[in-house]
Number of protein chains: 2
Amino acid sequence: MSVTAAGGFTAAGIAAGIKQSGAPDLALVVNTGPCQAAAGVFTANRVKAAPVLWSEQVLKGGRVSAVILNSGGANACTGAPGFQDTHATAERTAAALTSATGTEHSAAEIAVASTGLIGERLPMDALLPGVEAATAALSAHGGEKAALAIKTTDTVHKTAVVSDPAGWTVGGMAKGAGMLAPGLATMLVVLTTDADLSAGELDAALRAATRTTFDRIDSDGAMSTNDTVLLLASGASGVRPEAAAFAEAVRAVCADLGQQLVRDAEGASKDIRIEVVGAADEDEAVTVGRTIARNNLLKCAVHGEDPNWGRVLAAIGTTDAAFDPDALDVSINGVQVCRGGSVGEDRNKVDMRFREVRITADLHAGAASAVIWTNDLTADYVHENSAYSS
Amino acid sequence: MSVTAAGGFTAAGIAAGIKQSGAPDLALVVNTGPCQAAAGVFTANRVKAAPVLWSEQVLKGGRVSAVILNSGGANACTGAPGFQDTHATAERTAAALTSATGTEHSAAEIAVASTGLIGERLPMDALLPGVEAATAALSAHGGEKAALAIKTTDTVHKTAVVSDPAGWTVGGMAKGAGMLAPGLATMLVVLTTDADLSAGELDAALRAATRTTFDRIDSDGAMSTNDTVLLLASGASGVRPEAAAFAEAVRAVCADLGQQLVRDAEGASKDIRIEVVGAADEDEAVTVGRTIARNNLLKCAVHGEDPNWGRVLAAIGTTDAAFDPDALDVSINGVQVCRGGSVGEDRNKVDMRFREVRITADLHAGAASAVIWTNDLTADYVHENSAYSS
């Protein structure tokens with residue numbers, strides 16, 4: 001059901017011819033109201049794609065009437081002409097929606113998102129007519145097709161829904177398979193709700209949710225230029241939810257979509273859950289977890305089902321977090337292979353045959369903890385990413 | 001000629017049975033004087049191997065009479081028993097040299113270095129008798145054998161020599177093929193000279209040299225627990241060199257050995273020279289270069305001979321260095337594929353068939369520059385590092 005699980009939304013996904021393969025490549029999500037409050041979080045990368053620069057401006061107004069998303073091109077590092085392409089896309093979407101609904105739509109309330117190769121202009125001669133086709137295809141059941149149209153190297157489309165007994169729903173779709181990294185994982189995400197909430201309330205719930213979900217996925221340490229996560233509220237349910245219940249629903253949908261991103265990461269054969277406990281504070285737990293998650297040697301070892309805990313310690317040792325090297329404990333899949341910074345239980349006891357691998361590092365420096373998810377490093381990852389643009 | 005190119009040194013390399021393969025695994029370098037001044041730099045990792053903890057103490061005295069080095073085991077994360085093993089190795093070396101030379105040797109002046117798998121005790125029943133055998137094998141022509149005995153996954157042994165017309169020489173050997181990263185690349189290096197210099201003079205030359213050579217190699221972003229670079233001076237030439245000439249000789253030997261490490265990096269098919277120019281200061285140039293060097297997606301692209309400059313910009317954008325995203329230029333092998341943060345010359349003009357790939361990033365934010373060397377990311381790297389300890 002994806003983004004159309006919540007009332008007050010229509011969506012479409014079509015093949016506009018942006019991708020040479022002829023696969024679906026253009027998605028449109030429209031908020032039919034009565035409200036159009038919205039919030040968004042974007043990549044922390046200082047090199048931002050044109051659609052990110054555009055949508056950041058749109059979201060400052062706190063209102064989004066529609067989101068137009070394309071795969072098949074990131075429109076990043078394309079300079080002023082690329083920004084003009086994004087602007088033209090929003091204008092064409094506004095015109096098409098005005099014509100189709102009889103209600104005036106403004107480009108200033110239309111968010112744009114793009115994903116694909118960096119450094120190439122989008123084929124606007126295909127994209128702009130596609131906007132008309134997508135508008136004509138809008139449907140209250142179009143969520144799945146929209147989710148399909150934003151895929152790049154994703155092998156499956158990703159959707160999630162949480163419904164509250166009080167009568168409101170949060171639904172969403174996501175794409176992302178490579179360049180998964182913090183601040184945020186490389187992803188486009190659109191979340192919708194029919195709850196009745198202000199832009200400020202949406203923003204608070206979204207930031208809290210992404211901080212502990214998408215921001216703690218680090219598949220390959222490479223931060224994208226295009227990450228975009230939007231949350232749109234139509235108010236169509238007429239229900240004003242309790243803040244904590246709504247925040248938890250948004251967190252649950254983000255966590256679900258985040259797990260789907262990890263499970264579909266390019267070339268990965270293992271999902272690695274790294275839990276850092278006993279940290280002095282949460283920031284240090286996140287830093288240590290992220291450092292472990294980015295250690296290529298450890299990622300290779302996990303791929304080889306080798307419980308090489310020395311590589312965990314070597315990674316921890318590069319951080320400036322509070323810990324005593326002689327007090328570090330590391331468990332892999334429940335076996336404490338490192339105790340007090342030295343050899344613990346027999347590493348041959350560790351069973352690593354399954355896709356999920358759990359690494360726990362205890363810093364013995366405090367009471368804070370954090371979980372970071374990453375993937376193994378595989379020959380398939382190398383193959384997929386050495387041939388991406390050719 | 002390696003470490004015995006300089007007068008006043010003997011060396012040996014033998015197979016002590018530490019490696020199950022029966023390959024050479026124990027090296028001994030002895031300074032026969034008349035002077036025994038020494039300097040050393042060690043890994044910045046807070047998780048330090050026992051031999052690093054030991055040798056740091058030895059070097060504080062500024063005198064080293066011998067270095068005993070083993071491959072086949074890192075003696076890292078082995079706790080107090082591992083430290084006792086290092087201590088026993090130094091004591092046995094001192095006793096063997098005292099017995100062989102008739103001159104009293106103290107363990108407090110014997111540096112120890114180890115390389116291999118983390119988290120396992122060394123087979124002392126093989127190593128200690130090996131110390132006797134290595135002492136018996138010492139020769140003024142033993143430098144090559146010593147260089148062979150410190151190899152782990154290295155495919156070739158690495159040596160370099162610079163001789164000055166004034167009558168002094170700097171020679172050296174290195175090992176290192178994986179876990180190459182800053183502060184320092186994972187390496188054991190012993191440099192020797194017959195110049196007559198104090199420990200303080202050696203330290204200044206060594207720190208200046210490693211800062212711009214070994215510290216700027218970043219093969220895989222993974223910092224070791226065992227990195228050790230030692231510089232020993234015998235004074236046997238009787239010549240006190242001019243400080244600048246000596247510093248340049250040490251730098252040249254370090255740069256030569258560093259290049260040999262890059263060319264032999266595990267699984268690599270490309271050596272990537274990343275030059276950052278136009279930086280506000282040298283630290284920012286190094287930070288940006290290192291960030292580019294650690295981007296797995298870029299490393300995969302280079303492996304695929306794909307001039308994917310967007311991944312260079314995406315990496316730069318994650319740093320807090322001074323730059324304007326719309327002013328960034330990137331050249332690959334001399335073709336300016338990115339100009340002003342956007343599309344530059346045709347990427348199809350870039351010829352990437354050769355092993356060396358040159359990436360230049362101009363931040364247009366100042367006059368500082370730095371060069372970082374890294375390698376591509378390959379399926380062979382994954383294979384080699386997913387099976388290392390098994």
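Residue numbers begin at 1 in each chain, while the letters A, B, ... track the order of the sequences.
- Using a 4.5 Å heavy-atom threshold, the side chains of N75(B) and D85(B) count as touching.
- To the nearest 0.5 angstrom, T360(A) atom OG1 is 10.5 Å from D329(A) atom CG.
- Between chain A and the residues C300(B), A379(B), A74(B), G119(B), the most heavy-atom pairs under 4.5 angstrom are made by C300(B).
- Closest non-hydrogen pair, D215(B) versus R290(B), comes out as O-NH2, 2.9 Å.
- Contact tally against chain A (heavy-atom pairs below 4.5 Å) for G341(B), G79(B), A80(B): the top residue is G341(B).
- Using a distance-only test at 3.5 Å, with no hydrogens or angles considered, a donor-acceptor pair links the side chain of R46(B) to the main chain of F323(A).
- Chosen from T378(B), V302(B), L328(B), I316(B), the residue pairing most often with chain A at heavy-atom distances under 4.5 Å is T378(B).
- Remark: the backbone N or O of F354(B) is paired with a side-chain donor or acceptor of K270(B) at under 3.5 angstrom.
- Looking at N296(A), both its backbone and its side chain come within 4.5 Å of chain B, counting heavy atoms on both sides.
- Annotation: maximal heavy-atom pairing with chain B below 4.5 Å, among D376(A), T319(A), D326(A), occurs at T319(A).
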